[in-house]
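So the structure is just underneath, and the comments pick up after that.
Chain naming here is simple, since letters A, B, ... match the order of the sequence lines and numbering starts at 1 in each. When reading the values below, keep in mind they use all heavy atoms of this one structure, side chains included, and skip hydrogens, waters and symmetry mates.
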There are 2 protein chains.
Amino acid sequence: MTTSRPGRPRLPTLEDVARSAGVSRATVSRVVNGTRNVDPEIQKVVQEAVAQTGYVPNRAARTLVTRRTDSVALVFSVPEHPADDPFMARVFSDAFFGRIVGGLLTVLRPRGVHPVLMLADSDAVRQELVDNLRQQHMDGVVLVSIAPDDPLPALLSEAGLPAVLFGRPTGPVPISFVDIAQRTGVDLAVEHLVSLGRTAIATIAGPHDSPAGRDRLAGFRDAMAGHGQADAPSVAGDFTQEGGEAAMRTLLSQHPDTDGVFVANDLMAQGALLALNELGRRVPEDIAVVGFDDSSAATASRPLLTTVRQPVEDMAAEMARLLLALIDDPSQQIRSVIFKTTLVRRRSA
Amino acid sequence: MTTSRPGRPRLPTLEDVARSAGVSRATVSRVVNGTRNVDPEIQKVVQEAVAQTGYVPNRAARTLVTRRTDSVALVFSVPEHPADDPFMARVFSDAFFGRIVGGLLTVLRPRGVHPVLMLADSDAVRQELVDNLRQQHMDGVVLVSIAPDDPLPALLSEAGLPAVLFGRPTGPVPISFVDIAQRTGVDLAVEHLVSLGRTAIATIAGPHDSPAGRDRLAGFRDAMAGHGQADAPSVAGDFTQEGGEAAMRTLLSQHPDTDGVFVANDLMAQGALLALNELGRRVPEDIAVVGFDDSSAATASRPLLTTVRQPVEDMAAEMARLLLALIDDPSQQIRSVIFKTTLVRRRSA
DNA sequence: CCACGACGGGAGAGCGCTCTCCCGTCCCGT
DNA sequence: ACGGGACGGGAGAGCGCTCTCCCGTCGTGG
């Protein structure tokens, strides 16, 4: 156990600044934190002393008494997976992650709060995470879960820890979250296909164990029922590009006359486009394709993908706001905020 | 300023556990941290008391005395950019980010160290970051910089803060880093094209203000010179897909006979492939394409991209190891570790 | 002219932990 | 049988900060 860092000299403390400024520790603290009124004259003296000594407040000491760490956990909860598997890469691939971080930072940074990155990929880790929070290492949690039936929301809720989810929880867990109006988003896609004159519309759905997958499929069914086609074809995919490719082939082999398809996410849509190209189907002439998410896959594919955009940055920013409010007052009611989606028209439909 | 969290009861402390176990605070600390020998009998009693009280050590208090936070900053340093610009999305897009995080975690997690995510997108933020470190909020820095002439490496180095870079610094800054043998990697690509019988080989280079861009172009020139073609054509791109697309068109308009091209990164290569497809050139029959990185773009493009793979996970893991060593002993010499690349043969060459 | 409140500043008690000292006990070797 | 060292445990200081409490000094109103 190292006692003290060799080579690194002792940093100036409040005490040092106080001595140098000829005031008490308390006064320096007041100036530094801007609490209460301090004589402008003294304020100046203290500020000079701070600058001169190069004082920077020690976070741990402050945390110890305020019980605030000014950092929150940014947790990605994913299914258990072998170490060498590219799953994790997939999780973070796509701009999704960046958009989340970007949105969070617009709110967190001005408040001086830092996100601590955590990957919850096993139940052991999930438990450890809850311990970490109880340890007061972090004030709260922003949780993005893509694990089927993730126990984490319930764990957090039970522990009474401030937390906000991206997307509604799988079960009836009392916890704050942000989400999009999934069905309305799907409507956008379906109505667009219909307005294009497509009459044989099908869907490539997401996995049934994800809320988004389920909601989007249900939305699709409802929307199609509204057009008198309650039995529109659907093939389930797994939200990956390869899955989309395979699903497209399956779909066409079962329903070769399909002329419009709603794909539950862009990555699968990209795969579907690849498959269509190889099968010699022209997009959008022979078959129109609409994706969901407006991820980077949408602009990486050819033709450019028409898709339903979710305002991820705004959602992330709202998550941060909800979380900070919850941290300020943990007795606060849980809340959920639902965002609207928009249709981004490109070439594929 | 909130005094104490309402609703949340006081957590058990060492003192509580000690009382409950009938031993001293020091003994409980020893058991919890596994330092020194403690009578197995007492150990058991203490452990039971810990479990019974639900004790979890308070991180801040521990940090205050050990001066270790057990968290490191994971900094992405990027050029300044307008708030609404998708730049950030681009930064984090692609699996690159995930591979870095994955690699880091394999080393950090077993040691109980957490990465704190930071985005350094302006000089103000960079300065703030250095302050944060001096504040002891984090023990060290893992820096991934894609900002041209980034001042951060120098700042960190001057401040004597433990830091490790991904990729060598732009200037002659004394700082630890991991990198790949860029030239050897480029050799792999060029030799492959040559072995395929290509005789009119060109390159789409990266920006000149990035070390990787420069190194790869220099490597290309050298390799081609080795084949008696010191003046092989090159067009500069900006590492984006659109840039690659444009560069490919430029290249073909200037050198229509090109039958092999080395592209300095996969994203540009993906763009190049798109352009070639639109221009009616068959890949690899008419023109062979080799990329660099083996990013997700390599498998998202058609035909699948032959590329030079950098072992990002291994590099990230090594960064973590270097950093932890540096944190343990800051007086340690700076070190750099260079990794080998491998050629991943797919369809495009 | 005095009482009173507002205000600016200081003193000091901890926050919860680690770690150095120190002390008692036991097991050696001589 | 005795001295010395190894070992296990306790006492207590102190990490650097915030915040409550208290006290002195004003300005103000009766």
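- Proximity of a side-chain donor or acceptor of B:Asp139 to a complementary backbone N or O of B:Arg68 within less than 3.5 Å is not detected.
- The A:Ser29 side chain lies nearest to D:dT18 when the options are C:dC17, D:dT18, C:dT18.
- For A:Phe166, the ring-ring contact (aromatic ring centres under 6.0 Å, His included) test picks out A:Phe96, with sequence neighbours left out.
- Sorted by first then second residue, the side-chain hydrogen bond (donor to acceptor under 3.5 Å, both in side chains) pairs that include residues 152-168 of chain A, not counting sequence neighbours, are A:Arg168-A:Asp215.
- Per the geometry, CZ belonging to A:Arg67 stands 13 Å off C1' belonging to D:dC17, to the nearest Å.
- By the side chain to side chain donor-acceptor pair (under 3.5 Å) test, A:Asp123 is found to be paired with A:Arg126, residues two or more places apart in sequence or in another chain being considered.
- Between B:Arg68 atom CZ and C:dC17 atom P there is a gap of 19 Å when expressed in whole angstrom units.
- Not one N or O on the side chain of A:Ser336 forms a donor-acceptor pair closer than 3.5 Å with the backbone of A:Val178.
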For nucleotides 9-13 of chain C, tabulate all protein N/O to nucleotide N/O atom pairs closer than 3.5 Å, reporting atom names and distance.
from, atom 1, to, atom 2, distance (Å)
C:dG9, OP2, A:Asp39, N, 2.9
C:dG9, N7, A:Arg36, NH2, 2.3
C:dG9, O6, A:Arg36, NH1, 3.0
C:dG9, O6, A:Arg36, NH2, 2.9
C:dG10, OP1, A:Ser24, N, 3.4
C:dG10, OP2, A:Ser24, N, 3.0
C:dG10, OP2, A:Ser24, OG, 2.9
C:dG10, OP2, A:Thr27, OG1, 2.3
C:dG10, N7, A:Arg30, NH1, 3.4
C:dG10, O6, A:Arg30, NH2, 2.6
C:dA13, N6, A:Arg25, NH2, 2.9

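- Residue pairs satisfying the side-chain hydrogen bond (donor to acceptor under 3.5 Å, both in side chains) criterion with at least one member in residues 41-57 of chain B, sequence neighbours excluded, are absent.
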Residues 101-113 of chain A, side-chain donor-acceptor partners within the protein, below 3.5 Å, at least two apart:
from, atom 1, to, atom 2, distance (Å)
A:Thr106, OG1, A:Gly103, O, 2.6
A:Arg109, NH1, B:Asp121, OD1, 3.4
A:Arg109, NH2, B:Leu119, O, 2.6

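- One can place CZ of B:Arg62 at 13 Å from C1' of C:dC19, the figure rounded to the nearest angstrom.
- With sequence neighbours left out, B:Asp179 forms a side chain to side chain donor-acceptor pair (under 3.5 Å) with B:Gln182.
- Note: NE2 (B:His137) to P (D:dG16) measures 17 Å, nearest angstrom.
- Taken over five-pair windows at either terminus, the axes of the helix from C:dC1-D:dG30 to C:dT30-D:dA1 are inclined to one another by 40° (rounded to 10 degrees).
- In this structure, B:Asn33 reaches the C:dT18 phosphate: one of its side-chain N or O atoms is under 4.0 Å from OP1 or OP2.
- The distance from atom CD of A:Gln43 to atom C1' of C:dC7 is 14 Å, rounded to the nearest whole Å.
- Each of B:Leu64 and B:Pro40 lies near DNA chain D, and the nucleotide nearest B:Pro40 is the one positioned closer to the 5' end.
- A:Ser176 meets the side chain to side chain donor-acceptor pair (under 3.5 Å) test with no other residue; sequence neighbours excluded.
- Following rounding to the nearest Å, B:Leu14 (CG) and C:dC19 (C1') show an atom-to-atom distance of 13 Å.
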What are the atom names and distances for every N/O pair under 3.5 Å that joins the protein to nucleotides 25-27 of chain D?
none

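- Scanning for side chain to side chain donor-acceptor pair (under 3.5 Å) contacts around A:Glu15 gives A:Arg25, with sequence neighbours left out.
- Rounded to whole Å, atom P of C:dC15 lies 10 Å from atom CD of B:Glu15.
- B:Val45 meets the side chain to side chain contact (heavy atoms under 4.5 Å, CB included) test with B:Ala21; sequence neighbours excluded.
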